[in-house]
Amino acid sequence: MSTVASPALAAKAGAPAAAGVPPLKVEHVAKSFDADGRVVPVIGDLSLTLNEGEIVAIVGPSGCGKTTLLNTLCGLIAPDSGRVSWFGEAMSGQPAGVGYMLQKDLLLPWRTALRNVMLGLEIRGVPASEAEERSHVMLDKLGLHGFADHYPTTLSGGMRQRVALARTLVNEPDVLLLDEPFAALDFQTKLLIESDTAKLVRESRRSVLLITHDIEEAVSIADRVIVLSKRPTRVKAVYDIALGTERTDMIAARESAGFVDYVRRIWSDLDVTRN
Amino acid sequence: MNGSPPPPRAGAPAGVDAAAHAAAEDAASMRLAAHRRSRLRASLLVLASQIALLAAFIAFWEYMTAFDKQAAFMFGSPSAIGGFLLTMARDGSLWRDTYVTGVETLLGFLVGNVIGTLVGLSLWYSRFVSRVIEPFVIALGSIPIIALAPIIIIWFGTGLTSKIAMSTLSVVIVALVTSYKGAVGVDDDQINLMRTLGASKFQIFRKLVVPASLSDIFAGFRLTVGFALIGAIVGEFMSSSEGLGHAIFKAGSLYIIPKVFAALVATIALALVLTFIVGKVEKLLMPWRRLG
Ligand SMILES: Nc1ncnc2c1ncn2[C@@H]1O[C@H](COP(=O)(O)OP(=O)(O)OP(=O)(O)O)[C@@H](O)[C@H]1O
Ligand SMILES: [Mg+2]
């Protein structure tokens with residue numbers, strides 16, 4: 001049985017994990033869309049780096065191309081120009097070791113919670129008994145002990161998003177790409193899931209790129225916050241967040257001294273009045 | 001379903017969630033029982049109203065034809081229809097005709113749906129191929145099935161095969177279109193998720209597209225039960241020596257109207273039984289739909 005205790009090591013055995021090579025490097029990526037014959041530049045010129053074990057949050061005005069960026073990074077759409085490197089190698093096709101999660105939980109209604117979590121392992125041909133074992137462990141870690149046999153329709157929104165998180169984490173990805181995964185949750189549930197995510201991710205030194213509309217979420221969970229401009233999108237500002245608290249407790253983070261100041265500065269960067 | 005509430009785990013992040021769930025369960029199960037009772041009462045009321053409506057219609061029919069010889073000849077009467085049903089049941093023709101038509105319908109239903117569903121689903125694989133064949137499918141789908149009957153009889157003879165062919169033809173295009181619609185209706189985000197999990201196109205097809213299309217496929221099944229039956233009966237009209245369509249045709253040409261209605265009653269019963277079976281299979285194959 002493979003335990004989830006040392007997943008970073010297990011997962012990285014195959015990857016070219018030379019020290020100092022960032023898991024993800026984006027250089028001068030640009031992307032336009034064709035809308036009714038007009039070319040609409042969405043991503044203007046974007047560069048960023050995600051280091052190992054780092055949580056980076058991306059905030060930006062609605063429609064500025066955040067989802068487009070994420071889809072580009074995981075190989076669902078191709079950029080017009082620029083370079084995306086995963087673990088120091090130019091991207092080709094779907095990157096391995098990358099987990100992807102959206103605001104919609106996208107659980108398959110005909111599968112129980114457990115079988116939803118097993119999906120990725122099943123696809124990769126992991127033996128059923130091992131996949132089941134690992135998925136059970138992951139559900140337990142996310143506080144869903146006893147709900148393995150429930151169908152998604154019988155779970156609350158928060159529980160469903162926990163199952164989706166388990167489905168992502170059970171594959172032991174080195175990097176998580178999260179697109180507003182907690183946006184649809186109520187405040188209390190959101191704080192709890194954010195804390196759990198931070199805990200699980202930090203204890204195994206996974207890297208996270210988190211897209212969010214919620215500036216307070218970005219500041220409380222991330223090591224770095226990248227503010228994007230309106231379309232065509234560029235990096236407008238970067239904040240290294242130093243709160244001096246345990247970075248797995250969202251409530252403590254929100255109560256720390258620097259928190260409000262960061263939020264205020266990012267808020268004014270976003271220029272919300274224009275939207 | 002796992003009925004016992006899970007024990008709350010100390011230190012588990014969602015322990016609060018789970019504990020609240022456990023505490024609420026007792027009250028919830030009582031509310032659920034009350035809810036079930038009121039739902040049962042509602043459906044009993046619907047059933048009673050349906051029976052009353054049918055009884056009123058039959059009584060009206062019987063009354064209108066009881067004292068009027070001509071009306072009785074033109075419209076039959078429920079008692080005469082009942083009489084014919086009894087005679088046909090006694091001499092065995094009712095069971096034989098129903099059986100023959102039932103077998104034709106069932107085989108046509110199965111062959112048409114298997115072929116239609118397989119083609120419809122596999123069209124998901126290639127947008128190019130589906131665009132190429134789309135006008136042909138629409139053209140074939142617009143042919144009134146009865147227009148094909150003479151050719152089918154020439155090709156397949158006057159026996160069972162031609163009835164099954166008629167039945168299959170009236171099913172296959174509908175099955176193809178509904179299953180294709182289901183397959184291309186799958187959420188793009190869901191497909192992208194499968195891709196990021198490393199799924200091949202075949203894995204996406206098998207683990208996502210096929211199960212996601214099931215409810216559309218079953219909607220097609222429910223629709224095509226009737227079409228299969230129409231195909232079989234039309235086939236029997238053209239040329240046959242047995243079956244409910246044959247019985248209707250023969251009684252009609254002899255102006256024995258109550259006997260026509262008697263065979264129609266058997267046809268309706270057959271349709272209801274087949275639809276009921278499809279519904280049962282649907283529930284069996286899609287257990288998650290019963291929740292929600
Ligand atoms: N496939 C496409 N074809 C044409 N235009 C597209 C396509 N995908 C996205 N766009 C356009 O690109 C822009 C950026 O979209 P995107 O979904 O990336 O924004 P976003 O930053 O994620 O927005 P939000 O914060 O609301 O989620 C939008 O104006 C959208 O209309
Ligand atoms: Mg978006």
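Order of the sequence lines sets the chain letters (A, B, ...), proteins ahead of strands, with each chain counted from 1.
- Counting heavy-atom pairs closer than 4.5 Å to chain B, the top residue among A:T112, A:L119, A:I123 is A:I123.
- Residue B:Y99 places its OH atom among 12 or fewer non-hydrogen atoms of other residues, nucleotides or ligands, all under 6.0 Å distant.
- At most 12 non-hydrogen atoms from other residues, nucleotides or ligands lie less than 6.0 angstrom from CD1 of A:I251.
- Pairing each heavy atom of B:Q190 with each of A:L107, the nearest pair is NE2-O, 3.8 Å.
- Note on residues 170-214 of chain A: no pairs pass ring-ring contact (aromatic ring centres under 6.0 Å, His included), not counting sequence neighbours.
- Crowding of B:R206 atom CZ: a count of heavy atoms from other residues, nucleotides or ligands under 6.0 Å not exceeding 12.
- Heavy-atom distances place the side chain of B:Q203, and not its backbone, under 4.5 Å from chain A.
- By the 4.5 Å heavy-atom criterion applied to side chains, A:L108 and B:W288 are not counted as neighbours.
- The shortest non-hydrogen separation linking B:D189 to A:L106 is O-CD1, 3.6 Å.
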(Q) Run B:L193 and A:M101 through side chain to side chain contact (heavy atoms under 4.5 Å, CB included) and show every step you take. (A) CA-CA 8 Å; B:L193 175 79; A:M101 188 174 156; over 6 Å; no

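- Heavy atoms of other residues, nucleotides or ligands lying less than 6.0 angstrom from CZ of B:F276 number 12 at most.
- Between A:Y151 and B:P287, the shortest heavy-atom distance links the atoms OH-CG, 3.7 Å.
- The contact between B:L208 and chain A is made by backbone and side chain atoms together, counting heavy-atom distances below 4.5 Å.
- For the atom pair CG (B:L197) and OH (A:Y100), the distance works out to 11.0 Å, reported to the nearest 0.5 Å.
- No other option in B:P211, B:A199, B:S200 has as many heavy-atom pairs under 4.5 Å with chain A as B:P211.
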Q: Let me see the working for A:V98 and B:T196 under side chain to side chain contact (heavy atoms under 4.5 Å, CB included), right down to the final yes or no.
A: CA-CA 8 Å; A:V98 175; B:T196 61; over 6 Å; no

